[in-house]
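When reading the values below, keep in mind they use all heavy atoms of this one structure, side chains included, and skip hydrogens, waters and symmetry mates. Throughout, protein chains are lettered first and strands after them, A, B, ... in sequence-line order, and every chain is numbered starting at 1.
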There are 2 protein chains.
Amino acid sequence: MDNNSIFIEKLRSSGLRPTKQRLKICKLLFQRKETFHFTVGDLSKILKHKFKEKISLATVYNTIHSFKKKGYLKEIAINSDKTYFDTNTSDHHHFLDVTTNELIDLDDKDVKKVSIIKKIPGKKIKSIEVLVKIENNN
Amino acid sequence: MDNNSIFIEKLRSSGLRPTKQRLKICKLLFQRKETFHFTVGDLSKILKHKFKEKISLATVYNTIHSFKKKGYLKEIAINSDKTYFDTNTSDHHHFLDVTTNELIDLDDKDVKKVSIIKKIPGKKIKSIEVLVKIENNN
DNA sequence: AGAGTAATTTATAATGATTCTAAAGTAGTG
DNA sequence: CACTACTTTAGAATCATTATAAATTACTCT
C-alpha cells in the first residue's frame, strides 16, 4: 500500500473527500521526516513549483483550514502579520530566530517543565506555549 | 509638576516632539494602574471617544510604533491576524482566554522558571515568552 | 455505466489591518 | 519672525485572508 492510498484512507475516514488537490497537499506536507513550518502563501508557491497543475489559492486556504480543524496541523503564535502552521501537532514549543525569522522546534525534553501557579476561577488551562526568541551572538 | 509635564519631558528626552496627539496617547496609555492590552484599532476608537479632536489613524499607528521602538510598549505574540501591544514592558507572560479573547498578565512569580536546555551555536536567547491558553470549565 | 446530490474547486471580489504617500501643519532653533 | 526638520493627515496602496457564486468533481444509488 503506497502513501497515496494511506492519504486517501485517512482523508476519507476524516470525512474529507480525497481530491487531487488535497492529495498533493498531503504529499507536500506529510511526506517528510522533518517538521514543516509554513504560511499558506509559502505552501501555495511550493505547490506551484512542485506540480504542473495549479491549485487555486482559495483551495489551499480551504484545505489548510480543514486539516487544522481535523487536527492534522497546528497554528503557531508568533509576532507577525502572517499566520504560521506546523505539521508537528504534538505538544511542543519553538525557537524563533529573529535574525532570520526561522522557526525551530523545541521538544518537551528541551524545556524544563513550566508550572503555572496562578489560577483563574471558572477557567482551565488549554495549552501552554513557550516561544523562545533567539538572535545572533554579536 | 503634573503628568503632562512628565510626559513632555519623557518624550523630549527620547527625541520625540511632544505633540498634542502624542500627549493624548500617553495619557490614555500610561495614566493607569493596570496593564493595558490593545490593538491600534482599539486605541483609535477609545481616543475618539475620550477626546473631542480626532487623531488620524495613521498618526496612532506612527505613534505606537515610535513608542514601541523607544521601549515604552511591547508587542505581544498571540494567535491572530491583529497585532497586540502591552503597556507592561517588563519580562512577563500571558493568559489568553480563548473564550473571550481576553489577555491577562502573568507575573514572573506566577510561572515557575522556564529553563531552555537546547542550545543553538552562534545564537543567544533574547526572550522567553509563555502564552497560557485558558478556556471555560465545561 | 449513468443520474442525481452534495462536496469541492475556482476565479474573482470583498474585507480588514497595516503601510505608504505627498501635501499641509507644527515645534524647535536662532 | 523665519527657517528647517519633524509630524500629522487623508486617502490611496498593499497584503493576507475570507466570501461569493458558478463550474466541476466525488460519491451513492440504481
Side-chain angles (χ1 to χ4, degrees), chain A residues 4-5 7-28 37-48 51-70 72-73 75-85 101, chain B residues 4-5 7-28 37-48 51-70 72-73 75-85 101:
Chain A
N4 226 45
S5 323
F7 289 141
I8 289 176
E9 208 169 295
K10 201 101 191 209
L11 284 169
R12 243 194 286 257
S13 72
S14 309
L16 297 173
R17 292 186 176 172
T19 62
K20 287 200 304 289
Q21 293 85 343
R22 283 176 179 160
L23 284 170
K24 279 178 187 152
I25 293 173
C26 277
K27 262 182 207 155
L28 215 156
H37 301 118
F38 62 95
T39 67
V40 174
D42 295 341
L43 184 58
S44 177
K45 273 188 211 116
I46 299 172
L47 285 162
K48 199 165 293 164
F51 303 102
K52 325 110 233 344
E53 271 175 272
K54 96 173 267 216
I55 300 181
S56 162
L57 182 59
T59 301
V60 186
Y61 271 100
N62 290 340
T63 303
I64 293 314
H65 283 133
S66 336
F67 284 7
K68 188 201 159 189
K69 202 169 293 172
K70 296 297 176 184
Y72 302 141
L73 290 173
E75 213 172 316
I76 317 172
I78 64 172
N79 241 359
S80 177
D81 40 345
K82 291 178 187 174
T83 304
Y84 281 80
F85 293 91
N101 232 47
Chain B
N4 226 45
S5 321
F7 290 141
I8 290 176
E9 208 168 294
K10 201 100 191 212
L11 285 168
R12 243 195 285 258
S13 73
S14 310
L16 297 173
R17 291 186 178 171
T19 62
K20 287 199 305 289
Q21 293 86 342
R22 283 175 179 160
L23 284 170
K24 280 178 185 150
I25 293 173
C26 278
K27 263 183 205 152
L28 215 156
H37 302 117
F38 63 95
T39 67
V40 175
D42 295 341
L43 184 58
S44 177
K45 274 187 209 115
I46 299 172
L47 286 162
K48 198 165 294 166
F51 302 102
K52 325 106 235 345
E53 270 177 273
K54 97 172 268 215
I55 300 182
S56 164
L57 183 57
T59 302
V60 185
Y61 271 100
N62 290 341
T63 303
I64 293 313
H65 283 134
S66 336
F67 284 6
K68 188 200 159 189
K69 202 169 294 171
K70 294 298 176 186
Y72 301 142
L73 290 172
E75 212 173 317
I76 316 173
I78 65 171
N79 241 0
S80 178
D81 41 346
K82 291 178 188 174
T83 304
Y84 282 80
F85 292 91
N101 233 46

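- The C1' atoms of five pairs define one axis at each end of the helix from C/dA1-D/dT30 to C/dG30-D/dC1, and these two axes lie 30° apart (to 10°).
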* Structure fact -> Expected string for nucleotides 16-30 of chain C under the B/S/- scheme (protein heavy atoms, under 4.0 Å, primed atoms plus P, OP1, OP2 as sugar-phosphate) is -SBBB------BS--

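- At least one side-chain heavy atom of A/C26 sits under 4.5 Å from a side-chain heavy atom of A/L11.
- Between A/Q21 and A/E53, the closest side-chain pair of non-hydrogen atoms is not below 4.5 Å.
- In this entry the distance linking CZ of A/F51 with P of C/dT9 reads 14 Å, nearest Å.
- Using a 4.5 Å heavy-atom threshold, the side chains of A/T63 and A/V60 count as separate.
- Taking 4.5 Å as the limit, every side-chain heavy atom of B/F85 sits out of range of all side-chain heavy atoms of B/I76.
- The shortest side-chain heavy-atom distance between B/L28 and B/I46 falls under the 4.5 Å cut-off.
- Here C/dT8 presents its C1' atom at 13 Å from CD1 of A/I55, a figure rounded to the nearest Å.
- Scanning for salt bridge (charged side-chain N to carboxylate O under 4.0 Å, His left out) contacts around A/K27 gives an empty result, with sequence neighbours left out.
- The CZ atom of B/F38 sits 4.0 Å away from the CD1 atom of B/I64 when rounded to the nearest 0.5 Å.
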Identify each donor-acceptor pair in which a side-chain atom of residues 13-20 of chain A lies under 3.5 Å from a protein atom, sequence neighbours left out, and give them as a table.
{"unit_1": "A/S13", "atom_1": "OG", "unit_2": "A/E9", "atom_2": "O", "d": "3.3"}
{"unit_1": "A/S13", "atom_1": "OG", "unit_2": "A/K10", "atom_2": "O", "d": "3.0"}
{"unit_1": "A/S14", "atom_1": "OG", "unit_2": "A/K10", "atom_2": "O", "d": "2.8"}
{"unit_1": "A/S14", "atom_1": "OG", "unit_2": "A/Y72", "atom_2": "OH", "d": "2.4"}
{"unit_1": "A/T19", "atom_1": "OG1", "unit_2": "A/R22", "atom_2": "N", "d": "3.2"}

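- For A/N62 and A/T59, the side-chain atoms include no donor-acceptor pair closer than 3.5 Å.
- Residues meeting the side chain to side chain donor-acceptor pair (under 3.5 Å) test with A/K68, sequence neighbours left out: A/E75.
- Think of the region where chain A sits on DNA chain D: with heavy atoms and a 4.0 Å cut, that region ends 5' and 3' at D/dA16 to D/dC27.
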